[in-house]
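Each chain gets a letter, A, B and so on, in the order its sequence line appears, and its residues count up from 1.
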Amino acid sequence: MNQVRDILITSALPYANGPIHIGHLVEYIQTDIWARFQKMRGHRCWYVCADDAHGTPIMLRARAEGISPESLIERVAAEHQADFAAFCIGFDQYHSTHSPENRHFAELIYTRNCDQGHVAQREIEQAYDPREQMFLPDRFIKGECPKCGAADQYGDNCEACGASYSPAELKNPRSAVSGAVPEMRRSEHYFFKLADFEGMLRDWTRGGGLQTQVANKLDEWFNAGLQEWDISRDAPYFGFEIPGAPGKFFYVWLDAPIGYMASFQHLCERTPGLEFDRYWGADSTAEVYHFIGKDIIYFHALFWPAMLHGAGFRTPSAIFAHGFLTVDGQKMSKSRGTFIRARTYLEHLNPEYLRYYFAAKLGAGVDDIDLSLEDFQAKVNADLVGKIVNIASRTASFIHKRFAGQLAANLPEPELFAEFVAAGETLAAAYDQREFARAMREIMALADRANQYIDEQAPWVMAKDPGREAELHGVCTQGLNLFRLLIGWLRPVLPATTAAAEDFLRIEPLTWQALSQPLLNHQVAKFKPLMTRIERSQIEAMLEASKADLTSPTAATTPDPDQNPAAPTLDPPLGATIDYDSFAQVDLRIARIVEASLVEGADKLLRLRLDLGGEERQVLAGIRSAYAPESLTGRLTVMVANLAPRTMRFGVSEGMVLAAGPGGQELFLLAPDSGATPGMKVK
RNA sequence: GGCUACGUAGCUCAGUUGGUUAGAGCGCGGCACUCAUAAUGCCGAUGUCGCUAGUUCGAAUCUAGCCGUAGCCA
């Protein structure tokens, strides 16, 4: 290593409406390992992050909790930072996008782009919730998929059939905020003219700062043609008002990446000698790297460099995208208990286990990585406890008992030590290229060599022969020196264990430089176990606790846009308590509406033909005021199947369908999640 | 639907520019050791490299199609 580099590193900003989970941690752990590595190499390296605190979901969540958005994001920020600290994520600065610095840079970048003519204005038509008096993002409109008819789908795409569409195409659209039927309204929006930057972006893309898969993806987007980007949102919106545009706010994705700069600015303000422009000026020679998930490549590899360029700032040196986390080969699942929050993990397991496991899985690519819980336990126990820590454990006791904690003056096998040191450069290259998995494999192969060495020498045999004192001393000194190299190389991954090892060895925090020289003639402390094994019961307990999190009432649960504003008291009030048997008498079944038709002579009723999966029923339902018959055909709902038939003027009604709401247009038919089939019992 | 990745031992993954009998760790079977948090060392078994066709003297590796998985479509 020759030259000291100036490096600024970021992780994507977590959204401030929910807790950190192990999926998030892939990125923070990956970034933190890289940042710690660069620091160990002696570079001037800064790692910053922040909470992403703006946008509609946060505004609505705060409202649902009956608090201000400011207090919501303050609370979540504290939770996030506690989780990160526990996982040893060593941010130099953790800030918020809802900060004066971020307002400053958002306005500056916008204004400069505006002045250069990169912002356009025009009216667009958008869904509007008349009850809440707000425009609705696509994700806040629900209805039936226009392609396959699946109920309860979001406004942008269908989870059942995968179709993409616009909210206007959705059948029976409803606001997820209030349940009202959205209407289309016009409003003036501001657009960032991305196409102005095509040439610059094509150059930047080819500049070597992108993984090949990502560059390929960008080519696709270039070929499709760069579209203007809608960067404004109408009030009410939690964010920054656009200068000179009352009632218009910056879209959350405009000021989110600017949060990297805001956070760094804050760091500069409290760090003597650290200059913002040295890192962000147009002619900066510093390196700026963004670690992100592959889902947000678009924002970071197109809009972000373009905005920066348009405002006279430098563009990032590189963007490092990673894949998603699966657990036991599948998407994280709440019902299986694999949707594991950082906090829940911490209550059962050592954070460094997960840091090591992720390191052992991560490469420089964008592939997804799998947390196989069985493999996790086996790998951590075998590699860290069985191989690495054991090397210290099996040699330290002799150093203590026989040599009063003093290391020998020479290494018996300096060539072996030199071989290890030489491997350190290969390892450094792997770390630098973010090939952590390769680095871990090589470190473990060296740990095998160290264990073989000790086995060959058999110090326990020497210990029985008084004439071999010096030999024994040498072998154990050699063993501890090999251990020091191994744990030193693992320092970016295992900062806490390494710190404990440094205490044991009585040495300064290790650097790559320091590792090249052996530790000799040196007094070490008494050895204490550095790491214990993972028991299966700990993992089981964590999974159980994660299942329990599902129903936990803590405020910072997973975002739920469907959640209605909490009412202080229920209206109408709750009915009298019943026991289970009373409830179980009601036989609720899933039913498919095969046909719905108007009932001649009745102004409130619809005649429904319901398929119960083998049996058909006719039900006369008083829902005509809220539903057009043709809109009901084919959809699934819930019916009371064992209600006594009732003869009405227009025929016999054999049961009833369930709907919520006071009546009139305010009636909302129940629908099961996709997967339910006619005849299934509801319980 | 379009596009992009991925598919190698029971599990988790390596396999560099196509080149002999395809590798590692865990797990499994056997042996040794007992310094160490039952940790360690040695030996061993295990694969139609997703399927099919092609290019080639030669394919896990290149090409096409198919199947499966994941993601993206602003």
Side-chain angles (χ1 to χ4, degrees), chain A residues 138 147 156-158 161-165 191-192 194 211-221 223-231 251 253 293-303 321-326 328-331 357 360-363 365-402 435 437-438 440-445 447-464 472 475-476 479 483 527-535:
Chain A
D138 293 356
K147 304 254 163 46
D156 44 4
N157 66 71
C158 173
C161 73
S164 333
Y165 39 77
F191 292 84
F192 180 64
L194 188 62
Q211 293 136 300
T212 50
Q213 295 104 316
V214 175
N216 290 343
K217 194 75 202 171
L218 289 192
D219 278 341
E220 243 179 77
W221 284 326
N223 294 336
L226 299 178
Q227 306 294 306
E228 294 189 340
W229 181 38
D230 186 348
I231 54 168
Y251 175 42
W253 260 112
K294 64 182 180 182
D295 52 326
I296 53 175
I297 287 169
Y298 200 82
F299 297 100
H300 284 83
L302 288 180
F303 299 145
H322 60 79
F324 296 125
L325 179 70
T326 55
D328 284 336
Q330 293 180 289
K331 257 194 234 187
Y357 190 74
K361 288 281 179 113
L362 279 167
V366 298
D367 305 304
D368 292 351
I369 67 168
D370 184 49
L371 166 60
S372 157
L373 292 167
E374 203 176 318
D375 186 50
F376 167 66
Q377 182 190 358
K379 201 174 202 69
V380 168
N381 288 348
D383 292 356
L384 297 183
V385 184
K387 287 181 185 173
I388 298 287
V389 165
N390 189 228
I391 295 166
S393 180
R394 63 195 306 207
T395 48
S397 58
F398 289 116
I399 291 290
H400 239 283
K401 281 183 284 190
R402 306 292 283 269
E435 293 289 358
R438 195 199 304 157
M440 295 307 110
R441 273 199 305 278
E442 287 176 16
I443 290 172
M444 291 310 143
D448 288 343
R449 297 254 344 245
N451 274 312
Q452 282 162 15
Y453 167 78
I454 294 167
D455 242 60
E456 285 159 16
Q457 299 298 316
W460 51 94
V461 175
M462 296 173 182
K464 287 174 186 152
L472 174 65
V475 167
C476 292
F483 166 74
F527 182 79
K528 283 178 278 190
L530 291 169
M531 192 176 266
T532 53
R533 300 169 65 80
I534 300 178
E535 300 298 333

Which value, in whole Å, describes the distance between the [atom1] atoms of nucleotides [N] and [M]?
N     : M     : atom1 : answer
B:C28 : B:G10 : P     : 15 Å
B:U46 : B:U8  : C1'   : 14 Å
B:U21 : B:U61 : P     : 16 Å
B:A36 : B:C31 : P     : 24 Å
B:C43 : B:A5  : P     : 41 Å
B:U69 : B:A59 : P     : 30 Å
B:C11 : B:G47 : C1'   : 14 Å
B:U63 : B:U55 : C1'   : 7 Å

Please list, chain by chain and in numerical order, all residues satisfying side-chain contact (heavy atoms from CB on, under 4.5 Å) with A:Glu442, sequence neighbours excluded. A:Thr426, A:Leu427, A:Arg438
Residue set satisfying side-chain contact (heavy atoms from CB on, under 4.5 Å) with A:Arg394, at least two apart, ordered chain then number -> A:Asn390, A:Asn451, A:Ile454, A:Asp455, A:Trp460
Please state whether the rings of A:Trp229 and A:Phe303 are parallel, tilted or perpendicular, taking 30° and 60° as the class boundaries. parallel
Output one letter per nucleotide in nucleotides 28-41 of chain B: B when a protein non-hydrogen atom lies under 4.0 Å from the base, S when only the sugar-phosphate is that close, - when neither is. -----SSBBB-SBS
B:C72 OP1/OP2 closer than 4.0 Å to side-chain N/O of A:Lys294: no
Write down the distance between [atom1] ([X]) and [atom2] ([N]), rounded to a whole number of angstrom.
X        : N     : atom1 : atom2 : value
A:Arg441 : B:C26 : CZ    : P     : 14 Å
A:Asp367 : B:G7  : CG    : C1'   : 12 Å
A:Asp295 : B:A70 : CG    : P     : 16 Å
A:Leu384 : B:C26 : CG    : P     : 13 Å

May I ask you to list the residues of residues 369-376 of chain A, by number, that have any heavy atom positioned under 4.0 Å from an atom of RNA chain B? A:Asp370, A:Ser372, A:Asp375
A:Val389 and side-chain contact (heavy atoms from CB on, under 4.5 Å): which partner among A:Thr532, A:Asp383, A:Leu530? A:Leu530
Those residues at least two apart in sequence (or on a different chain) that pass side chain to side chain donor-acceptor pair (under 3.5 Å) with A:Ser397 are none
According to the Watson-Crick and G-U wobble definition with distances under 3.5 Å, which dot-bracket string, read 5' to 3', encodes RNA chain B, using [ ] for crossing pairs and | for pairs with another strand? (((((((..((((.....[...)))).(((((.......))))).....(((((..]....)))))))))))).
Quick one: label A:Phe299 by what it contacts on the DNA or RNA (base, sugar-phosphate, nothing), any heavy atom closer than 4.0 Å. nothing
